[in-house]
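Quick note: residue numbers are just sequence positions, from 1. Just the heavy atoms: all of them, side chains too, but no hydrogens, waters or symmetry mates, feed the values below.
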Amino acid sequence: MISTDLSASFWAAAAPAPPPTDRLEGGKDVDVAIVGGGFSGLSTALHLAESGVACAVVEAGEIGSGASGRNNGQVIPTMSRADPSAMVAKFGQERGQRFAGLVRDSAQTVFDLVRRHDIDCAAEQSGWIQPAHTPGRVAKVAERRFKEWQALGAPVALLDRQQTASLLGSDAYCGAWLNRSGGHINPLAFARGLARAATGKGAAVFTRSPARSIERLPDGGWQVRTPAGALRAGRVVIATNAYSDDLWPGLKREVVPVFSFQMATQPLSDNLRKSLLPGRQAMSDTRGDLHFCRYTHDHRLVTGAPLLWRGDLDRRLRAHVAARLQRLFPQLGTITFDHLWCGYVGMTADYFPRLHELAPGIATWIGCNGRGVALATAMGPELARWAAGHARLDELALPVTPLQPIPAHALARRLARFMLWMYRRRDAREV
Ligand SMILES: Cc1cc2nc3c(=O)[nH]c(=O)nc-3n(C[C@H](O)[C@H](O)[C@H](O)COP(=O)(O)OP(=O)(O)OC[C@H]3O[C@@H](n4cnc5c(N)ncnc54)[C@H](O)[C@@H]3O)c2cc1C
């Protein structure tokens, strides 16, 4: 069995301790109540507190115990499928370009926050590289994405086969594009650092405090109840993403939570590191069944994969991921994984994130589609502008849409893992 406990992750073993937090007990009045203590909720709280707005976060588990503390830590300033032209096609010229601008700057937002608040999270702004596994993907993905992001002023480069091979230390790819503003962090340490910075500026963060209900108050405000307390607030931000529960009807049915595994190798020798990703970029390739990895501060590779079948999971997963890492980097030899953990990635049907006004004074965003480290952090200042009353919700970078729960959600959840089979077929067909 693979532990679903956050403490199984390499990030938990390496992160500084979280700031001290309590359960919410009794009533508390704030301007803004935030549900969810991941990047979205904590970045919103930090930006609100910085502008002097009284706010409190209630988190069901511990800081970062949702996707924020479990992910691969790649800080990627793109969406997984939606390129700038698709954003414009979906949202219109003006809104599409504004959203693309938010995404373009999102990695810089993360690294700027790390510097401004001196967050100890092993941050490396070494760039993010997307290598293409077939010649078709060079044209369809690498060249097109490079051109679109270059036109928007992103710090990007296109790499031919030879440049890609020397950057990666692998002959497995036909070309790549690189975004220099990307990189990687210890994501749990970053979440804890955001919480520390937010509480330092006056925000309250309560853990082990699941929001059980949200009720309208006679004065037009809202009451967020937890088992032992309640927050009364003028505005509420729900930042529960793929870990959404039944707090708001229909919300959790907007995303399909896809179970994904992460694992960390033993530290690589100095010699190996000279040939394998010597520039320490984060990398995720063009496959649907994504191949990805990045270094930790102590020179492990963190990678992972989903699996179609769950039988004999631990052994099969280790063998499967080791074999595919060896195919990319034969110089690795025998690979041993020290840590293995898992989490839910929230996928929407069209791979676009959503912003909703659930009721007057209650906003949420959902659906980062595996690209939430940078995006969720960058949504914080956006949501804070609305929650502080400095902008209308429809003035934010992500257009407001009605809640659209996926029909037959339970079935979609069950079928989600078979998408992997389809992706593998498509990946293989192009080769
Ligand atoms: C295995 C994995 C690998 C990934 N790799 C990457 C990557 O390398 N790069 C990248 O950009 N993205 C990656 N992602 C996606 C990224 O982690 C997420 O998009 C991001 O962390 C979302 O942050 P969030 O704050 O919106 O949500 P979360 O971090 O999931 O936070 C939501 C929080 O809400 C809490 N909650 C839920 N219900 C309630 C309630 N009723 N009351 C109180 N609290 C509640 C949960 O406990 C949770 O802590 C990955 C995700 C996973 C799972």
R216 atom CZ, over 12 foreign heavy atoms within 6.0 Å: yes
Minimal non-hydrogen separation, V75 against P77, with atom names: O-CD, 3.7 Å
Chi angles and distances behind the side-chain hydrogen bond (donor to acceptor under 3.5 Å, both in side chains) call for R280, H299: CA-CA 9 Å; R280 296 177 68 85; H299 318 304; 3.1 Å; yes
Salt bridge (charged side-chain N to carboxylate O under 4.0 Å, His left out) contacts touching residues 33-55 (sequence neighbours left out): E50-R116
Heavy-atom side-chain proximity of T240 to W248 below 4.5 angstrom: no
4.5 Å side-chain heavy-atom contact, F91 and L398: yes
Residue that, paired with S284, satisfies side chain to side chain donor-acceptor pair (under 3.5 Å) out of Q74, H291, Q130: Q74
Partner set under ring pair (Phe, Tyr, Trp, His ring centres under 6.0 Å) for F259, not counting sequence neighbours: F261, Y344
Within 45° cone of W222 ring axis and under 6.0 Å: R235 NZ or CZ: no
Exam field: side chain S43 to backbone T377, donor-acceptor pair closer than 3.5 Å: yes
Option from L313, I335, T336, L340 for which side-chain contact (heavy atoms from CB on, under 4.5 Å) with R318 holds: L340
Chi angles and distances behind the side-chain contact (heavy atoms from CB on, under 4.5 Å) call for D338, T265: CA-CA 6 Å; D338 278 354; T265 65; over 6 Å; no
D312 atom CG: more than 12 heavy-atom contacts under 6.0 Å: yes
Backbone N/O of N241 and side chain of S244: donor-acceptor pair under 3.5 Å: yes
Backbone N/O of E59 and side chain of T207: donor-acceptor pair under 3.5 Å: no
V53 vs V30, side-chain contact (heavy atoms from CB on, under 4.5 Å): CA-CA, chis, key distance, verdict: CA-CA 8 Å; V53 177; V30 285; over 6 Å; no
Min side-chain heavy-atom separation W386-V400 under 4.5 Å: no
Heavy-atom side-chain contact between T303 and F337 under 4.5 Å: yes
Heavy-atom check, side chain of I406 versus side chain of M347, under 4.5 Å: no
Check: L168 and P131 side chains under 4.5 Å, non-hydrogen atoms: yes
Interatomic distance, L325 atom CG to L276 atom CG [nearest 0.5 angstrom]: 7.5 Å
Salt bridge (charged side-chain N to carboxylate O under 4.0 Å, His left out): pairs with one or both residues in residues 64-89, sequence neighbours excluded: D83-R144, D83-R145
Any side-chain donor near an acceptor of the partner, N369 and T348, under 3.5 Å: yes
Intermediate values then yes/no, side-chain hydrogen bond (donor to acceptor under 3.5 Å, both in side chains), S7 and D5: CA-CA 5 Å; S7 63; D5 202 305; 3.0 Å; yes
Whether S51 side chain and H47 backbone form a donor-acceptor pair below 3.5 Å: yes
Intermediate values then yes/no, salt bridge (charged side-chain N to carboxylate O under 4.0 Å, His left out), R192 and D120: CA-CA 9 Å; R192 288 177 176 177; D120 179 7; over 6 Å; no
Nearest-0.5 Å distance that lies between atom CZ in F146 and atom CG in N179: 11.0 Å
Flag for S85-E148: side-chain donor and acceptor within less than 3.5 Å: yes
Exam field: side chain H117 to backbone L113, donor-acceptor pair closer than 3.5 Å: no
V255 backbone acceptor or donor facing R354 side chain under 3.5 Å: no
Intermediate values then yes/no, side-chain contact (heavy atoms from CB on, under 4.5 Å), C121 and V114: CA-CA 8 Å; C121 63; V114 168; 3.8 Å; yes
L355 side chain near L393 side chain, heavy-atom distance below 4.5 Å: yes
Working for side-chain hydrogen bond (donor to acceptor under 3.5 Å, both in side chains), residues Q262 and N71: CA-CA 7 Å; Q262 299 287 303; N71 59 66; over 6 Å; no
Gap between atom NE2 of H339 and atom CH2 of W11 - 0.5 Å precision: 10.0 Å
Carboxylate-amine/guanidinium proximity below 4.0 Å for R300 and D298: yes
A33 backbone acceptor or donor facing R232 side chain under 3.5 Å: no
Sidechain N-carboxylate O distance under 4.0 Å for R287, D289: no
Over all atoms of both residues, closest heavy-atom pair of V35 and A211: CG1-CB, 3.8 Å
Straight-line distance of L178 CG to I129 CD1, nearest 0.5 Å: 5.5 Å
Pair R212 + D246, salt bridge at N-O below 4.0 Å: no
Short side-chain donor-acceptor distance under 3.5 Å, T364 and H356: no
Side chains of R253 and H409, donor plus acceptor under 3.5 Å: no
Donor-acceptor pair, side chain of D427 and main chain of G288, under 3.5 angstrom: yes
Worked verdict on T78 versus W128 for side-chain contact (heavy atoms from CB on, under 4.5 Å): CA-CA 10 Å; T78 69; W128 174 73; 4.1 Å; yes
Aromatic plane relationship, F190 with F39 - under 30° parallel, 30 to 60° tilted, over 60° perpendicular: tilted
Donor + acceptor pair across side chains of S209, T226 (<3.5 Å): no
Pairwise distance CE(M263) to CG(D314) - rounded to 0.5 angstrom: 8.0 Å
Closest non-hydrogen atom pair between I63 and P18, with its separation: CD1-CB, 4.4 Å
Atom pair CZ (F206) and OG1 (T21), whose distance is rounded to the nearest 0.5 Å: 9.5 Å
Heavy-atom closest contact (L6 atom, S65 atom, distance): CD2-CA, 3.8 Å
Polar contact flag, side-chain donor to acceptor under 3.5 angstrom, Q125-R115: yes
Side-chain ion pair, D285 and R137, N-O less than 4.0 Å: no
Side-chain donor-acceptor pair present, S3, W341, cut-off under 3.5 Å: no
Polar contact flag, side-chain donor to acceptor under 3.5 angstrom, S213-E215: yes
pair V103-W149: side-chain heavy atoms closer than 4.5 Å: yes
